[in-house]
Amino acid sequence: MNQNETINWGVLSTAKIGREKVIPAMQSGEHTHIQAIASRNYEKAREAADLLGIPDAYGSYEELIAAPGIQAVYIPLPNHLHYPWIKKCIQAGKHVLCEKPLVLESAQVRELKALQKESGLLIGEAFMVLHQTRWQRVRELVQSGSLGKFVSAHSIFSYYNGDKDNIRNSLEYGGGGINDIGCYPTVLSRFVLGEEPVRAAAFVEKDPDFGTDRLASVVLDYPSGPVTFTISTQMVPYQYFQFFGTEKMIEVNIPFNTPDFRAMSIRVNSGDVHELPQIAESFAPENHYTKQGDAFSRSILYGEAFAGSLDNAEKNQKVLEAIVKSAKEGTWVNV
Ligand SMILES: NC(=O)c1ccc[n+]([C@@H]2O[C@H](COP(=O)([O-])OP(=O)(O)OC[C@H]3O[C@@H](n4cnc5c(N)ncnc54)[C@H](OP(=O)(O)O)[C@@H]3O)[C@@H](O)[C@H]2O)c1
C-alpha cells in the first residue's frame with residue numbers, strides 16, 4: 001500500500017475497548033496505520049504499545065496530539081472526556097474518531113459542527129455497527145418493503161456490571177445504560193427506518209448506590225411505526241433485534257457485539273409460528289471495527305461519506321435526551 005493511501009493514527013488511552021478490540025482490528029485495515037498510543041502513565045502506554053506492536057508510546061495525551069506524524073486520533077476515553085478531548089485534537093490539527101456516545105449533550109455537537117467546518121478536519125462517532133454489511137442489508141430489506149409494510153421493531157441489549165469502579169457506573173463520568181447501550185437500538189432503528197422518531201416514552205430505573213440508570217424500557221414513535229427496546233446494565237447478558245412487517249419478520253442475532261470469527265445470518269420468518277424461522281441470508285465473517293477504521297481513513301483520504309457523522313450524532317443524542325426527559329416527567333416527550 002502506497003504511504004499516501006494510509007492514515008497515521010494515534011490512540012488516546014489504554015482503554016479496554018481499544019486494547020482488546022478496536023486497535024487490533026484497525027491494524028489489519030488497508031488504509032489505517034496505528035503509529036502511537038498515549039496514557040496518563042508512560043509505563044502503561046509503553047506496555048500497551050509493545051504488546052500491540054505500536055511504534056510510539058507517550059506518557060500524556062497532550063504529547064500524542066502534538067506529534068507531527070499523527071494525522072488522526074481515536075478516542076476511547078470515559079464519556080465525559082470525549083467532548084474536551086475532541087476539541088483539543090481539532091485545535092492540534094488532527095482528525096478525530098471518538099467512541100460513542102460522542103458527547104453528553106446535543107448542544108455540544110452543534111459546537112463541534114462549527115469547529116469541523118472552520119478547521120476542515122473530520123470528526124466521527126465510532127458506531128461500529130453502522131459499518132456492518134448485515135445491517136446495511138437489513139436496512140435495504142426493510143426499506144424496499146420485503147417485510148410488507150413495516151409495523152414495529154423490538155430490541156434487547158443487556159449485560160450485568162455491578163462494579164462500582166467501572167466508568168459505566170459513574171454519573172460523573174457520563175455512565176448509565178442509556179448512554180452506554182441505549183444509543184445502539186436508537187441509532188440502528190434510525191438507520192434501518194431512515195427516519196427520525198417523533199416522540200419518546202420511557203420507564204427508567206436507577207441504581208440506588210450509583211445513581212446511574214440500570215434499566216430502561218423505551219418506546220420510540222417513528223412515522224412508520226413504534227420501535228420498543230429494553231436495555232439493562234444489571235440483567236443477564238442478551239441481545240437481539242427484530243423487525244416486523246405485515247408479511248414477514250427479520251431477526252438479527254448478536255446485533256451489536258457481532259463476532260468477526262464466524263459467518264452471521266439474518267432469519268426471516270414468513271408467518272407460521274410453528275415453523276422454525278428459515279435462514280434467509282448468510283454473511284461472510286467481517287470485523288466492523290476494521291471496516292469503521294478504514295471508512296474513516298478513506299473519508300480523510302478521498303472525501304467519502306462517513307456513517308458516524310456529526311449530523312447523525314446530533315440526531316441520536318436528541319433522542320437519548322427525549323428518553324431521559326420522558327422518564328423524569330412520566331409522559332411522552334417530543335424529540
Ligand atoms: N464501540 C464499542 O464497541 C465500545 C465498547 C466498549 C466501550 N466503548 C466506549 O469506549 C469508551 C471507553 O470504554 P472502556 O470500557 O474501554 O473504558 P476503560 O477500559 O475504563 O478505559 C478508559 C480509559 O480512559 C483513560 N482515562 C482518562 N481519564 C480517566 C479517568 N478519570 N478515569 C478512568 N479512566 C480514565 C484511562 O486510560 P489511561 O490510564 O491509559 O490514561 C482508561 O484506561 C467509552 O466511551 C465507551 O462507551 C465502545
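Atoms within each ligand, like the ligands themselves, are counted from 1 in listed order. Throughout, residue positions are numbered sequentially from 1 according to the sequence presented.
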N or O pair under 3.5 Å between Lys44 and ligand 1:
yes

As a quick check of understanding, evaluate ring pair (Phe, Tyr, Trp, His ring centres under 6.0 Å) for His288 and Phe256, giving each step before the final call.
CA-CA 10 Å; His288 48 190; Phe256 312 112; over 10 Å; no

In the protein, what heavy atom is nearest to atom 38 (P) of ligand 1, and what distance, to one decimal place, separates them?
Ser39 OG, 3.4 Å

For Arg190 and Asn312, which I'm curious about, is there any donor-acceptor pair between the side chains at under 3.5 Å?
yes

Any N/O pair Leu81/ligand 1 closer than 3.5 Å
no

Walk me through it: do Arg137 and Glu140 pass the test salt bridge (charged side-chain N to carboxylate O under 4.0 Å, His left out)?
CA-CA 5 Å; Arg137 180 65 179 146; Glu140 194 175 279; 2.3 Å; yes

Check the angle between the aromatic planes of Trp135 and Phe243 and answer parallel, tilted or perpendicular using the 30° and 60° thresholds.
perpendicular

What protein heavy atom sits nearest atom 3 (O) of ligand 1, and how far away is it?
Tyr289 OH, 2.6 Å

Nearest non-hydrogen protein atom to atom 31 (N) of ligand 1, with distance, is Tyr173 OH, 3.1 Å

Please write down residue, atom name and distance for the protein heavy atom closest to atom 45 (O) of ligand 1.
Asn79 OD1, 2.7 Å

Do Tyr159 and Asp180 meet the criterion of a side-chain donor-acceptor pair at a distance under 3.5 Å?
yes

Starting from atom 37 (O) of ligand 1, which protein heavy atom do you reach first, and at what distance in Å?
Ser13 CB, 3.3 Å

Closer than 3.5 angstrom, by distance alone: can the side chain of Lys94 be matched with the main-chain N or O of Val73 as a donor-acceptor pair?
no

Between Asp294 and Thr32: side-chain donor-acceptor atoms closer than 3.5 Å
yes

Return yes if some donor-acceptor pair links the side-chain N/O of Ser326 with the main-chain N/O of Ala322 below 3.5 Å, else return no.
no

Of all protein heavy atoms, the one nearest atom 36 (C) of ligand 1 is Arg40 NH2, 3.5 Å

What protein heavy atom sits nearest atom 19 (O) of ligand 1, and how far away is it?
Lys16 N, 3.0 Å

Looking only at side-chain N and O atoms, does Ser217 offer a donor or acceptor that is under 3.5 Å from a partner on Thr230?
yes

Backbone or side-chain N or O of Ile167 under 3.5 Å from ligand 1 N or O
no

Looking at ligand 1, is there an atom of it that comes within less than 4.0 Å of some heavy atom belonging to Arg168?
yes

Of all protein heavy atoms, the one nearest atom 48 (C) of ligand 1 is Glu99 OE1, 3.1 Å

N or O contact, His80 vs ligand 1, cut-off under 3.5 Å:
no

Nearest heavy atom to atom 41 (O) of ligand 1, choosing from Tyr74, Tyr61, Phe127, belongs to Tyr61

